[in-house]
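Everything below concerns the one structure shown next.
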Amino acid sequence: MRSDDSFFNAVYEVTLQVPFGRVTTYGAIAKAIGSPGASRTVGWALNNCHTMGIFIPAHRVVNRNGILTGKHHFRHPDLMQELLESEGIKVEDDRIVNFEKLFWDPCSNLI
DNA sequence: GGTGTGACAATGG
DNA sequence: GCCATTGCCACAC
């Protein structure tokens, strides 16, 4: 930390800016922060987010297939689906329903 | 400074 | 159309 947390911070910023009831992908976030190939590192950053002691709506972040890959990394595996359903997003078989419609591109909606 | 890993993505068979 | 492999970038040891 404190070395190049700009990358991590960028990931958190984008993730926090995901609108209510919307979801995005690791690749989209990576691209939005200027590293389209760092999709894996995005997940890494989110994993460190809880290590830092801050909360990130990672439940809105899924892989390009719309699958809740990292749900198991939450405090409770079901919490991810709970939050998504609470936002009006339907999750079936750990997958986002109407993922294409709910997909939010930070690069297009960035302020 | 090199190696391994990590919640992915894209391509090939 | 699905399974397996490689590639990306950044961080931890």
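The chains referred to below are lettered A, B, ... by the order of the sequence lines, with proteins before strands, and numbering in each begins at 1.
Spacing between atom CG of A/Asn65 and atom C1' of B/dA7 amounts to 13 Å, rounded to whole angstrom units. The CG atom of A/Asp94 sits 17 Å away from the C1' atom of B/dC8 (whole-angstrom rounding). Atom pair A/Arg40:CZ and B/dA10:P shows a separation of 13 Å (rounding to whole Å applied). Rounded to whole Å, the distance from CZ on A/Phe7 to C1' on B/dG6 is 12 Å. Atom-to-atom, CH2 of A/Trp44 to C1' of C/dC8 comes out at 16 Å; the value is rounded to the nearest Å. Taking atom CG on A/Asn48 and atom C1' on B/dA7, their separation rounds to 12 Å, with Å as the unit. For the pair A/Phe103 CZ and B/dA9 P, the interatomic distance rounds to 10 Å; values are reported in whole Å. In this structure, A/Ile96 atom CD1 and B/dC8 atom P are separated by 14 Å, rounded to whole Å.
A 4.5 Å side-chain heavy-atom check between A/Val62 and A/Thr69 finds every atom pair outside the cut-off. Side-chain contact between A/Pro106 and A/Val18 is absent, with no heavy atoms from C-beta onward closer than 4.5 Å.
A donor-acceptor pair under 3.5 Å links the side-chain atoms of A/Asn63 to the main chain of A/Gly66, judged by distance alone.
Taking 4.0 Å as the cut-off between side-chain N and carboxylate O, A/Glu87 and A/Arg22 do not count as a salt-bridged pair.
A donor and an acceptor atom sit less than 3.5 Å apart, one in the side chain of A/Tyr26 and one in the base of B/dA7.
Using a 4.0 Å heavy-atom distance criterion, A/Ala58 is classed as a base contact. Nucleic acid contact for A/Asn47: base, since at least one base atom lies under 4.0 Å from a heavy atom of the residue.
Within the 4.0 Å cut-off from OP1 or OP2 of C/dC9, not a single side-chain nitrogen or oxygen of A/Ser39 is found.
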